[in-house]
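For clarity, every value in this text was computed on a predicted model and none was experimentally measured.
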Amino acid sequence: MSKAIKGMLTLLMVIVVLGFGVFTYLDLYGGTRTPAEQSASGVTLQFWYTDSSMTSYYNNAASYFNKRNEGVTIVPTLVDSAEYLDDIYEASVEGTSYPDLYVISDDSLGKAYLAGLTVPVTGEDLSTLWEEFSTVAISAVTYENKVLGYPFYFNTSTLVYNETYLQQIANGETASSDDEDDVDLSTADPEDGDASEEEEESAEDTEEESSEAAEAGTETETGETVAENGSFSIEELVPVTVAELLDLANNYEAPDGVESLFKWDVNDVFYNYYFIGGQIVVDGSTSSDVDINTEGAISCLTIFQELTEFFYVDPDEVDADSILEEFLEGKVLFTIMDINHALQLEEAAAEGTMEYDYGYSVIPHPSDVWMGAALSVTQVVVVNGYSENAEAAAAFASFLTEEYGREVESLYTSTGHVSANKTVEKTTELEEVFSKEYERSTCLPKNPAAGNFWMLLENTFSNVWEGESIETELLTLEDQVKAQYAVE
């Protein structure tokens with residue numbers, strides 16, 4: 001072996017040893033490095049979103065994150081595009097001006113995943129998600145058994161009622177529908193009719209005790225909350241099931257000014273979905289995952305159809321906006337609103353154009369046997385699978401959906417959106433009730449094959465409302481959805 005070759009081998013060994021020494025030093029004394037520390041030369045991350053109401057919030061969050069993580073710069077970009085996800089894909093494939101992370105609704109996650117536009121959440125980030133978010137929120141960001149993003153905020157629907165009118169009913173200020181057969185809503189059993197003589201005697205024995213408790217605003221021994229004036233509380237009049245809602249309709253006349261006891265937009269799946277949301281399965285990868293024509297769905301849609309006898313709403317004459325206007329005018333006692341319309345209600349109250357008190361409650365279950373589940377749409381922060389800085393992007397996604405909203409800036413106060421993070425304090429009735437509804441809700445299927453499920457389900461509800469056969473409609477819907485899925 002020549003001296004020249006020996007010299008080159010010696011030099012290479014020195015370089016390897018020195019390199020190993022540097023690596024060992026960093027591992028031993030440098031600790032675990034953050035994405036910012038790994039990017040001493042500086043990393044700029046593009047963050048895309050479509051909701052203009054979030055611009056200020058995103059800019060503030062990015063500025064805060066940038067200051068805390070030297071070397072990393074988050075650049076929020078508002079994108080106005082009807083083909084948002086397609087634009088992300090094209091930009092990513094071309095490798096120019098594509099987002100490192102972005103915000104989409106949960107029903108688009110399947111398409112994003114199949115296009116390679118997602119990075120699964122793993123490790124410590126995944127553990128944190130399970131600690132800070134409900135199972136519904138985790139389900140919303142899960143596809144093919146992979147958690148593909150960070151839940152951020154949501155929209156769903158819940159019951160809204162005119163508290164002023166309900167208080168009048170609670171106080172006994174409105175006339176019964178039958179003065180000769182006056183029924184006390186707080187105690188009457190709709191199946192038994194009038195109380196038996198034994199019940200009446202028992203009521204007389206406890207009348208004095210109840211009166212004393214009422215004056216003190218306390219609870220009776222039966223646990224019934226009694227108002228200061230001796231009548232029962234509003235909470236007992238807010239229906240928990242549809243049967244209780246019908247009981248209210250049967251036993252009391254509405255206060256003056258009320259034209260509809262219960263009215264909602266029967267055209268929109270978003271408000272109807274809770275009738276069958278807890279009784280069908282539509283998400284999954286194959287046709288065998290679909291289960292729509294179930295006993296529970298049939299029973300719940302039967303209840304839905306029967307509501308036309310009590311609260312018929314002409315689909316051609318209503319939408320969510322018109323019903324909100326009627327509620328503001330005091331013409332409707334109970335309705336169903338999503339967060340966007342509830343925020344308009346809040347704004348009207350703040351401006352003084354809403355003259356009545358109002359309250360929120362979860363939507364009544366179809367029955368005490370079949371539970372309802374409202375539809376929810378979750379906005380998700382997703383790390384792009386094409387990003388060369390996925391770790392840094394994940395750090396910002398985690399920060400934005402967890403720490404920032406909990407400790408720095410209130411999402412609801414700043415934007416009107418309600419955080420999906422259960423550790424974020426909910427300071428208003430709107431946030432509290434919508435969060436409760438969200439935690440028992442269900443989401444649209446994420447499988448791209450079911451992209452028209454919304455339209456198909458809307459047709460089903462419309463036909464059922466007009467009196468068509470429930471079993472036929474559900475079977476048709478199930479066949480249509482299964483036909484679009486791959487056969488297992």
Side-chain angles (χ1 to χ4, degrees), residues 158-195 199-263 310-311 326-337 342 345-346 348-349 352-364 428-430 432-433:
T158 198
L159 189 73
V160 186
Y161 57 87
N162 186 310
E163 186 174 325
T164 299
Y165 287 152
L166 211 57
Q167 186 65 65
Q168 291 179 19
I169 295 176
N171 293 345
E173 297 174 9
T174 59
S176 168
S177 57
D178 185 352
D179 291 336
E180 295 180 358
D181 186 22
D182 193 11
V183 180
D184 186 346
L185 180 67
S186 60
T187 58
D189 185 336
E191 295 182 358
D192 296 338
D194 292 341
E199 290 173 331
E200 289 177 357
E201 291 175 1
S202 176
E204 290 175 2
D205 292 339
T206 59
E207 180 179 357
E208 183 177 351
E209 177 184 349
S210 298
S211 177
E212 292 174 356
E215 292 176 1
T218 62
E219 291 188 354
T220 64
E221 292 182 358
T222 59
E224 296 170 332
T225 305
V226 181
E228 291 183 359
N229 61 4
S231 61
F232 290 91
S233 67
I234 289 178
E235 286 75 14
E236 291 188 87
L237 293 181
V238 176
V240 175
T241 65
V242 170
E244 292 183 11
L245 180 67
L246 297 180
D247 186 50
L248 183 67
N250 286 330
N251 293 310
Y252 281 85
E253 286 187 355
D256 292 339
V258 174
E259 297 179 358
S260 300
L261 184 77
F262 182 40
K263 192 173 187 179
F310 296 89
F311 314 113
E326 289 185 38
F327 187 81
L328 292 174
E329 294 172 357
K331 296 179 180 179
V332 177
L333 182 56
F334 292 101
T335 188
I336 300 174
M337 290 186 191
L345 172 61
E346 297 282 328
T353 55
M354 173 60 173
E355 300 179 358
Y356 307 91
D357 293 330
Y358 57 91
Y360 303 97
S361 180
V362 291
I363 302 174
T428 67
E429 184 184 12
L430 184 153
E432 291 177 355
V433 176

So, for P239 and P364, which heavy atoms are closest and what is the spacing to 0.1 Å?
O-CG, 3.6 Å
Between V242 and F310, is any pair of side-chain heavy atoms under 4.5 Å apart?
no
In terms of the angle between their ring planes, are Y356 and Y165 parallel, tilted or perpendicular, with boundaries placed at 30° and 60°?
tilted
Non-neighbouring partners of E329 that pass side-chain contact (heavy atoms from CB on, under 4.5 Å), sequence neighbours left out:
E325, K331
Short question: side chain of T158, backbone of S361 - any donor-acceptor pair under 3.5 Å?
yes
Just how far is it from atom CG of L248 to atom CG of L166, taken to the nearest 0.5 Å?
7.0 Å
What are the two closest non-hydrogen atoms of N251 and D247, and how far apart are they?
ND2-OD1, 2.6 Å
Quick one: pull up CD in E259 and CD in E326 and give me the separation to the nearest 0.5 Å.
6.5 Å
Please examine the side chains of F334 and I363, heavy atoms only from C-beta on, and report whether any two atoms are closer than 4.5 Å.
no
Residues I234 and E163: closest non-hydrogen pair is CD1-CG, 3.5 Å
Is there a side-chain contact between T241 and E244 (heavy atoms, below 4.5 Å)?
yes
For the backbone of V332 and the side chain of S260, can you confirm whether one donor and one acceptor N or O come within less than 3.5 Å of each other?
no
Which value, rounded to the nearest 0.5 Å, describes the distance between N250 atom CG and L245 atom CG?
9.5 Å
Parallel, tilted or perpendicular, as decided by the 30° and 60° cut-offs, for the rings of F327 and Y358
perpendicular
Would you please name every residue forming a side-chain contact (heavy atoms from CB on, under 4.5 Å) with T428, sequence neighbours left out?
Y412, L430, E431
Atom CD in Q167, atom CG in L237: separation rounded to 0.5 Å?
9.0 Å
Any donor-acceptor pair under 3.5 Å from E429 side chain to G359 backbone:
no
Between CG on residue L159 and OG1 on residue T335, distance to nearest 0.5 Å:
8.0 Å
